[in-house]
Colleague: 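Attaching a single structure in structure tokens format; questions to follow.
Any value given below was found using the heavy atoms of this structure, including those in side chains, with hydrogens, waters and symmetry copies removed.
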Amino acid sequence: QVQLVESGGGLVQAGGSLRLSCAFSGSGRTFSNYAMGWFRQGPGKEREFVASISRSGGSTYYADSVKGRVTVSRDNAKNTVFLQMNPLKPEDTAVYYCAATAGRYASSIYVKINEYDYWGQGTQVTVSS
């Protein structure tokens, strides 16, 4: 079983920045075998895709709503994926979730919720105007 634990959320003013982290663990599981994704769910909204990164870290993909403001990265030696967000907007307020799926190829990218097998518990990001 894979466990994902997000951290780094908080309250920030519009224009500020946050760096979310997601720690991966799992007995007998190798982090570099998993493509990772970030999703978010705002108040009264459905969960939506934010960003994804391939197993190798060489390929990334972003939702149009965050493109240019968000960077996803991973450190396979530390079993961690990151989401750097700057500048933040009030509409970025949401619970942010990281997710993992066994990537078929080193460069594979996944953007759909149902493509991911494992989810973290989420971390709250609140952006004040």
Side-chain angles (χ1 to χ4, degrees):
Q1 190 72 1
V2 168
Q3 291 83 41
L4 302 172
V5 179
E6 302 96 335
S7 61
L11 173 63
V12 63
Q13 288 188 332
S17 63
L18 279 175
R19 188 194 197 202
L20 306 184
S21 299
C22 174
F24 171 103
S25 63
S27 179
R29 307 299 179 108
T30 302
F31 180 56
S32 60
N33 288 341
Y34 291 82
M36 301 297 294
W38 285 96
F39 293 77
R40 67 186 181 186
Q41 187 164 13
K45 298 180 180 180
E46 294 186 351
R47 192 171 299 191
E48 63 177 4
F49 169 77
V50 176
S52 62
I53 187 166
S54 62
R55 287 166 43 192
S56 66
S59 298
T60 57
Y61 189 77
Y62 300 94
D64 288 343
S65 59
V66 302
K67 198 173 295 182
R69 301 189 296 118
V70 164
T71 301
V72 60
S73 61
R74 64 190 295 160
D75 185 337
N76 283 349
K78 296 183 178 180
N79 292 355
T80 304
V81 62
F82 305 97
L83 188 71
Q84 178 72 46
M85 302 186 291
N86 178 42
L88 283 159
K89 302 178 180 180
E91 52 263 42
D92 294 321
T93 294
V95 178
Y96 283 73
Y97 300 90
C98 73
T101 185
R104 182 173 183 180
Y105 302 108
S107 61
S108 295
I109 289 289
Y110 302 88
V111 301
K112 297 179 181 179
I113 290 173
N114 61 9
E115 292 180 309
Y116 287 86
D117 301 310
Y118 304 100
W119 293 82
Q121 83 290 348
T123 186
Q124 176 70 48
V125 172
T126 302
V127 184
S128 63
S129 56

Colleague: I need the full list of disulfide (SG to SG under 2.5 Å) pairs touching residues 98-129, with sequence neighbours left out, sorted by first then second residue.
Modeller: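 Only Cys22-Cys98 qualify under disulfide (SG to SG under 2.5 Å).
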Colleague: Which residues pass the ring pair (Phe, Tyr, Trp, His ring centres under 6.0 Å) test with Tyr96, sequence neighbours left out?
Modeller: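 Scan of Tyr96 (ring pair (Phe, Tyr, Trp, His ring centres under 6.0 Å), adjacent residues dropped) gives none.
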Colleague: Hey, what else clusters with Phe82 if you join Ile, Leu, Val, Met, Phe, Trp, Tyr whenever side-chain heavy atoms sit under 4.5 Å?
Modeller: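 Via sub-4.5 Å side-chain contacts, Phe82 links to none.
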Colleague: Taking side-chain hydrogen bond (donor to acceptor under 3.5 Å, both in side chains) as the cut-off, I'd like each qualifying pair that reaches into residues 68-77, sequence neighbours left out, listed once.
Modeller: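 Output for this query lists Arg69-Asp92, Arg74-Asn76.
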Colleague: So which residues get pulled into Tyr105's cluster when ILVMFWY side chains under 4.5 Å apart are joined, directly or through others?
Modeller: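 None; Tyr105 is a cluster of one.
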Colleague: Does anything in residues 99-129 pair up under disulfide (SG to SG under 2.5 Å), and if so which pairs, sequence neighbours excluded?
Modeller: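 Listed once each, the pairs would be none.
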Colleague: Considering residues at least two apart in sequence or located in another chain, which fulfil the side chain to side chain donor-acceptor pair (under 3.5 Å) criterion with Lys45?
Modeller: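 By the side chain to side chain donor-acceptor pair (under 3.5 Å) rule, Lys45 matches no residue at all.
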Colleague: Tell me, which pairs form a side-chain hydrogen bond (donor to acceptor under 3.5 Å, both in side chains) where one or both residues lie in residues 7-22, sequence neighbours left out?
Modeller: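 Every candidate side-chain hydrogen bond (donor to acceptor under 3.5 Å, both in side chains) pair involving residues 7-22 fails, so no pair, neighbours aside, qualifies.
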Colleague: Which pairs, with at least one residue in residues 38-96 and sequence neighbours excluded, count as a disulfide (SG to SG under 2.5 Å)?
Modeller: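 Non-adjacent pairs meeting disulfide (SG to SG under 2.5 Å): zero.
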Colleague: Could you name each residue pair satisfying salt bridge (Lys or Arg N to Asp or Glu O under 4.0 Å) that touches residues 109-129, not counting sequence neighbours?
Modeller: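 Qualifying pairs, neighbours excluded: none.
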Colleague: Just how far is it from atom CD of Gln124 to atom CG of Leu11, taken to the nearest 0.5 Å?
Modeller: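 One finds 9.5 Å between CD of Gln124 and CG of Leu11.
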Colleague: Check side chain to side chain contact (heavy atoms under 4.5 Å, CB included) between Glu91 and all other residues, then give those that pass, not counting sequence neighbours.
Modeller: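 Glu91 satisfies side chain to side chain contact (heavy atoms under 4.5 Å, CB included) with Lys89 once adjacent residues are dropped.
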Colleague: Linking Ile, Leu, Val, Met, Phe, Trp and Tyr by side-chain heavy atoms under 4.5 Å, what else ends up with Ile113?
Modeller: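 Under the 4.5 Å side-chain rule, Ile113 groups with Phe39, Phe49, Tyr61, Val95, Tyr97, Ile109, Tyr110, Val111, Tyr116, Trp119.
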